[in-house]
Q: 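Take a look at this one; I'll ask things after.
Here, residue 1 is the first one in the sequence, and each next residue gets the next number.
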Amino acid sequence: MSQQAQQMFDRHRETLEQAVEAITTRGFWTPYPENIKKYPEEVVKGAPARFEALLKQPFSLKTPGVAGQVGAEVSPYGFELGVTYDQPDSAALVSAMQAAMPAWRDAGAEARVGVCLEILARLNAMSPDIAQAVMHTSGQAAMMAFQAGGPHAQDRGLEAVTYAWQAMSRVPATARWVKPQGRHDPLVLDKRYHVVPRGISLVVACSTFPTWNTYPGLFASLATGNPVILKPHPGAILPVAMTARVAQEVLEEAGFDPCLVSLAADSADAPVTKALALDPAVKLIDFTGSNAFGEWLEQNATQAQVFTEKAGINSVIIDSVEQIKPVAQNLAFSLSLYSGQMCTTPQAIYVPKEGIRTAEGRLSFDEVAGALAKAVEKFLGDNDRACAVLGAIQSPATAARIDECRGLGEVLLDSEPREHAQFPRARIHTPLLLKVDASQRDASQRDAFSEERFGPISFVIATDSTAHSIELAREVIGEKGAITLGAYTTDDAVAEQFERLAMEVAAPLSLNLDGGILVNQSAAYSDFHATGGNPAANASLCDQAFVARRFVVVQSRRHGQPD
């Protein structure tokens, strides 16, 4: 191990040990503060100016075999970034990575983990800068861009490194195997064990969470010895490029080839993902995005281990509540946060036609639906607060989808545009809430609620009973998958039915949330984000299976002499 890599590991050893403890106990812990006031004031205040300095010019990275320039990002807040990026020649990039991999493999687990921990520490220090890039590519509001794009993404990266460290640490470097032979001398073998990376890793980033969904695959692959190609979404390149730059700087300082982490940006008109995904040298693929392309990767990139997070129908079942107001307020926040552009946002809210029981008396279906609509409307009544929660719609296609979906049901709360005080051209829309009947799923008309409608679009579905709600949720999630499942009941027996449903459809359950925690939120080191057990995702962020498949153990053995 190089002296620099050893110093990096030693510098962050305590953080790693605490992370191992955290994923074992599953309690709250983080080394990366989510409170922006914990960061130096001058760093926070200077972030917008440093972001401005990146615009309208080339972004420099170490790129093997430059084939051209790409870059046409437009902020959802209404302006062009004007940043351009080197596009590598794919063959040259793959060749350079293959040449760099043996030294990275042979450096050992401590060196690789030390480098990864140093990369994460430096990313954390520049969280305010990354937040600016995330905000103006994804459309996330400022505070969410800071937290989700910075420390929360770094948490998920560290979590992946920690699982990788655990998995690799369980493989001994050597062993002596002695088998007694009775009156004869024992059989003795000396064995060596090598953690061997699978090959080049391709991490396909999404436009809405360009760091949060990217860091697990990046760091799981890098820590286990695999070079990583970062393939950003054409609309959200900058945060990924900034990450690649930090990684390259740390790798080079530690004595390794910086191309071990490389950027492969492309354009919407000339995509490169399919060609990269089918390259025989690519042995690992991480993808977040649409069902169609995720399924294409699973079916066609057969030479690689493919980890996908796709789309599902996140569901909430309301059986009974103590009070409707705090429940409606909690769900209003969930439906509004980042304009429903989270993979955890509820889309289908099941409520019995006969209504629900509360401590204050029975509420009809219409009263429950009306309470939800009223809560969203009130929550977003103040425009400044609304913009701070909603953020901006990342893609024009998502904004267009709102109009397309109005006819799918009775409008409980219509979506409306909002104007941002600082960015008047921002693409901001409030949630659309529709009332539908469960029978629409079986009717000949267009299925309303059991198809994914990405964006601020949700349905309150009238069912025959709670049992019918459970049956529908089981059926829809079984077919389409879900990342989250929420439920409300005051009945312990019904709560157990929800628990069983969660296990049957392999979707994480949030029960009776009516305070400061949302079904949308997923805490690193404690919550398993997705399970890999339903069609919405074939992997979990993060568990042992997410990292263990990224390397193999190769052993050698030879005769040894008895002790």
Q: Within the supplied structure, the quantity of interest is the number of heavy atoms (other residues, nucleotides, ligands) at a distance under 6.0 Å from Glu80 CD; does it exceed 12?
A: no

Q: Phe459 ring centre to Arg453 NZ or CZ under 6.0 Å, with the angle to the axis within 45°?
A: no

Q: Answer with yes or no after comparing the ring centroid distance for Tyr338 and Phe209 against a 6.0 Å cut-off, counting only values under it.
A: yes

Q: Just jot down the side-chain contact (heavy atoms from CB on, under 4.5 Å) partners of Asp464, sequence neighbours excluded, or say none.
A: Lys353, His468

Q: Among residues two or more places apart or on two chains, list those pairs meeting ring-ring contact (aromatic ring centres under 6.0 Å, His included) that have a residue in residues 347-371.
A: none

Q: Quick one: side-chain hydrogen bond (donor to acceptor under 3.5 Å, both in side chains) pairs with a partner in residues 308-317, sequence neighbours left out?
A: Asn213-Glu309, Glu298-Thr308, Glu298-Lys310, Thr308-Asn538, Glu309-His529, Asn314-Thr484

Q: Checking Tyr32 now: which residues fulfil ring pair (Phe, Tyr, Trp, His ring centres under 6.0 Å) with it, not counting sequence neighbours?
A: none

Q: Keeping the roles fixed (side chain from Asn534, backbone from Val505), state whether a donor-acceptor pair exists under 3.5 Å.
A: yes

Q: Test of understanding: with side-chain contact (heavy atoms from CB on, under 4.5 Å), list the residues that count as partners of Pro88, not counting sequence neighbours.
A: Thr63, Leu93, Ala264

Q: Quick one: side-chain contact (heavy atoms from CB on, under 4.5 Å) partners of Val411, sequence neighbours excluded?
A: Asp414, Leu432, Leu434

Q: Would you please name every residue forming a ring pair (Phe, Tyr, Trp, His ring centres under 6.0 Å) with Phe498, sequence neighbours left out?
A: none

Q: Ignoring hydrogens and angles, tell me if any N or O in the side chain of Ser526 forms a donor-acceptor pair with the backbone of Arg26 under 3.5 Å.
A: yes

Q: My understanding is that only residues two or more places apart in sequence, or in another chain, count here; which of them pass ring pair (Phe, Tyr, Trp, His ring centres under 6.0 Å) with Tyr488?
A: none

Q: Nearest heavy-atom pair of Gln140 and Met135: which atoms, and what distance?
A: O-CG, 3.2 Å

Q: For the pair Glu416 and Arg418, find out whether any cationic side-chain nitrogen is under 4.0 Å from an anionic carboxylate oxygen.
A: yes

Q: His136: which residues meet the ring pair (Phe, Tyr, Trp, His ring centres under 6.0 Å) condition with it, sequence neighbours left out?
A: Phe51, Tyr77, Phe79, Phe423

Q: State whether a side-chain donor-acceptor pair under 3.5 Å links Ser320 with Thr490.
A: yes

Q: Could you list all the side-chain hydrogen bond (donor to acceptor under 3.5 Å, both in side chains) pairs where at least one residue sits in residues 361-376, not counting sequence neighbours?
A: Ser364-Glu367, Asp366-Lys435

Q: Is the shortest side-chain N to carboxylate O distance from Lys480 to Glu452 below 4.0 Å?
A: no

Q: Phe307 and Phe287: aromatic ring centres closer than 6.0 Å?
A: no

Q: Is a side-chain donor-acceptor pair under 3.5 Å present for Tyr163 with Asp543?
A: no

Q: Which pairs would a plain distance check flag for residues 330-337, meaning a side-chain donor or acceptor within less than 3.5 Å of a matching protein atom at least two apart in sequence or in another chain?
A:
residue: Asn330; atom: ND2; partner: Gly515; partner atom: O; Å: 3.1
residue: Asn330; atom: ND2; partner: Ile517; partner atom: O; Å: 3.0
residue: Ser334; atom: OG; partner: Asn330; partner atom: O; Å: 3.3
residue: Ser334; atom: OG; partner: Asn520; partner atom: OD1; Å: 2.9
residue: Ser336; atom: OG; partner: Ala332; partner atom: O; Å: 2.8

Q: What residues form a side-chain contact (heavy atoms from CB on, under 4.5 Å) with Arg385, not counting sequence neighbours?
A: Phe379, Asp382, Val389

Q: Looking only at non-hydrogen atoms, find the nearest pair between Cys542 and Glu159 and report the distance.
A: CB-OE1, 3.6 Å

Q: Given 3.5 Å as the limit, does a donor-acceptor pair link the side chain of Gln497 with the main chain of Ala467, or not?
A: no

Q: Distance-only, no hydrogens or angles: does the Asn383 side chain make a donor-acceptor pair with backbone N or O of Glu419 under 3.5 Å?
A: yes

Q: Starting at CG of Leu222, measure out to CZ of Arg550 and round the result to the nearest 0.5 Å.
A: 11.0 Å

Q: Under 3.5 Å, is there a donor-acceptor pair between the Asp319 and Thr489 side chains?
A: yes

